[in-house]
Amino acid sequence: MKLTQRAFGMMKLLAIILSLAFPLMLAVSSADARIGGGRSYGSRGARTFSAPPVTNTAPNAARPFDRTMTQPGRPGAGAAATGGFNRPGMGMLGGLAAGFLGAGLLGMLFGGGLFGGLGGLSSIIGLLLQIALIVLVVRLVMSWWQRRNAPAYAGSAPAPGPGAQANPRSGLGFGSTASAAPLEITPSDYEAFERLLGDIQTAWSNEDVNRLHTMATPEMVSYFTEDLRANEARGVVNKVSNVKLLQGDLAEAWREGNTDYATVALRYSLIDKTIERAGGRVVEGSDQPQEATDVWTFARRGGGKWELSAIQQT
């Protein structure tokens with residue numbers, strides 16, 4: 001059945017809307033619900049591009065950062081002056097995606113493109129196939145670029161110690177991969193890490209950006225704010241509750257100038273669900289507790305309080 005000119009015009013408009021929404025779809029699909037879920041971002045000072053040692057809690061190597069303000073070869077230097085963040089290789093990938101998508105969109109509007117010669121509904125299908133191809137190419141190139149810029153992650157990491165010392169405050173407590181870390185971490189520091197684990201998740205669940213500013217670095221808050229805005233655009237809110245630390249290991253601790261760093265593997269339970277803002281219907285997750293394991297890095301500047309500086313997936 002031949003499509004009318006009006007219907008064909010509406011399909012073209014739909015294709016334009018899909019192409020404009022493509023970056024947002026990528027951002028949403030790349031993130032899980034809970035804070036830091038599914039992605040690694042932040043900075044670890046001079047060790048940003050070095051893998052933290054594995055531990056009993058996190059026996060798998062931590063993933064390289066998907067987003068960081070630290071530039072390779074310039075520890076601590078970031079993109080704060082420009083208000084953005086560094087995504088290695090995104091300039092090349094952005095051009096690649098724009099080229100493919102632009103060719104497909106213009107081809108559809110004027111009857112050509114990678115799938116030229118196909119009319120009406122077939123042109124839309126062709127554009128969607130192009131989008132799928134772009135996603136595949138972007139993921140492959142990003143994976144290659146991360147391995148290229150973070151060679152330390154391909155190397156071997158120190159094996160976890162057989163008898164990590166436990167925090168006397170807790171039955172499970174925290175352990176350490178080394179008997180003598182360059183920076184001493186005390187029981188009060190471990191208490192601060194555990195407290196931040198719960199308080200940051202609560203502030204995230206309440207979408208309290210001001211509260212997050214008191215517990216995380218400006219870089220991390222910028223990422224959290226971006227994710228919260230994405231949730232708002234989707235009309236949902238992520239609710240995290242009943243956060244309980246099950247096990248923790250100190251991977252490494254060190255000092256750079258007047259800043260102390262501590263990277264800790266955390267295994268914890270939580271209730272993680274995403275609900276509609278209007279109506280409260282659960283769209284992701286459930287009321288059943290689940291477990292998660294992340295590697296968190298905390299920073300303390302000038303003898304002040306600890307702040308969350310990075311989250312890495314394992």
Considering all heavy atoms, the nearest Thr55-Ala265 contact: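 Shortest heavy-atom separation between Thr55 and Ala265 comes out as OG1-CB, 3.4 Å.
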Exercise: identify the closest heavy-atom pair between Pro53 and Glu252: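 Smallest heavy-atom distance, with atoms named: CD-CD, 3.5 Å.
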For the residue pair [X] and [Y], confirm or rule out a side-chain donor-acceptor distance under 3.5 Å.
X	Y	answer
Ser40	Gln313	no
Thr293	Thr314	no
Glu256	Trp254	yes

Chi angles and distances behind the side-chain contact (heavy atoms from CB on, under 4.5 Å) call for Lys239, Ile275: CA-CA 7 Å; Lys239 290 295 184 180; Ile275 62 176; 4.1 Å; yes
Steps toward side-chain contact (heavy atoms from CB on, under 4.5 Å) verdict (Asp260, Trp306): CA-CA 9 Å; Asp260 298 335; Trp306 289 104; 3.9 Å; yes
Sequence-distant partners of Arg195, salt bridge (Lys or Arg N to Asp or Glu O under 4.0 Å), two or more places apart: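 Counting only residues at least two positions away or on another chain, Arg195 forms no salt bridge (Lys or Arg N to Asp or Glu O under 4.0 Å).
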Glu276: salt bridge (Lys or Arg N to Asp or Glu O under 4.0 Å) partners, not counting sequence neighbours: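 With sequence neighbours excluded, Glu276 shows a salt bridge (Lys or Arg N to Asp or Glu O under 4.0 Å) to Arg281, given in chain and number order.
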Check: [X] side chain, [Y] main-chain N or O, donor-acceptor pair, under 3.5 Å:
X	Y	value
Gln312	Arg63	yes
Asp294	Ile311	no
Glu219	Met69	yes
Ser43	Gly45	no
Lys305	Thr214	yes
Arg44	Arg47	yes
Asp249	Asn56	yes

Would you check if [X] and [Y] make a side-chain contact, meaning some heavy-atom pair closer than 4.5 Å?
X	Y	value
Glu307	Arg301	yes
Met215	Leu308	no
Arg67	Tyr223	yes
Glu184	Asp189	no
Thr263	Trp296	no
Arg300	Thr259	no
Phe224	Val209	no
Ile35	Ile200	yes

Test log, rule side-chain hydrogen bond (donor to acceptor under 3.5 Å, both in side chains), inputs Glu291 and Ser269: CA-CA 4 Å; Glu291 288 190 11; Ser269 62; over 6 Å; no
Sidechain N-carboxylate O distance under 4.0 Å for Asp66, Arg39: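 So Asp66 does not pair with Arg39 through a salt bridge.
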Arg234 and Glu284 ion-paired at < 4.0 Å: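 Glu284 and Arg234: salt-bridged.
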Contacts of Thr202 that satisfy side chain to side chain contact (heavy atoms under 4.5 Å, CB included) - sequence neighbours left out: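 With sequence neighbours excluded, Thr202 shows a side chain to side chain contact (heavy atoms under 4.5 Å, CB included) to Asn206, given in chain and number order.
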Candidate pair Thr217 and Ser309, rule side-chain hydrogen bond (donor to acceptor under 3.5 Å, both in side chains), full reasoning: CA-CA 6 Å; Thr217 63; Ser309 179; 4.8 Å; no
Whether over 12 other heavy atoms sit under 6.0 Å from Arg277 CZ: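 Yes, enclosed.
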Steps toward side-chain contact (heavy atoms from CB on, under 4.5 Å) verdict (Leu197, Leu245): CA-CA 8 Å; Leu197 171 67; Leu245 177 67; 4.2 Å; yes
Distance (rounded to the nearest 0.5 Å) between [X] [atom1] and [Y] [atom2]:
X	Y	atom1	atom2	result
Phe193	Leu250	CZ	CG	7.0 Å
Met220	His213	CE	NE2	12.5 Å
Ile271	Arg34	CD1	CZ	14.5 Å
Gln201	Asn242	CD	CG	12.0 Å

hydrophobic_cluster_shared for Leu270 and Val282, side chain cutoff 4.5 Å: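 No; tracing contacts between hydrophobic side chains, which count when under 4.5 Å, never links both residues.
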Trace of the side-chain hydrogen bond (donor to acceptor under 3.5 Å, both in side chains) decision for Asp272 with Asn238: CA-CA 7 Å; Asp272 178 10; Asn238 179 226; 2.8 Å; yes
Test of ring centre spacing under 6.0 Å for Phe65 and Tyr41: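 That pair fails the under 6.0 Å test.
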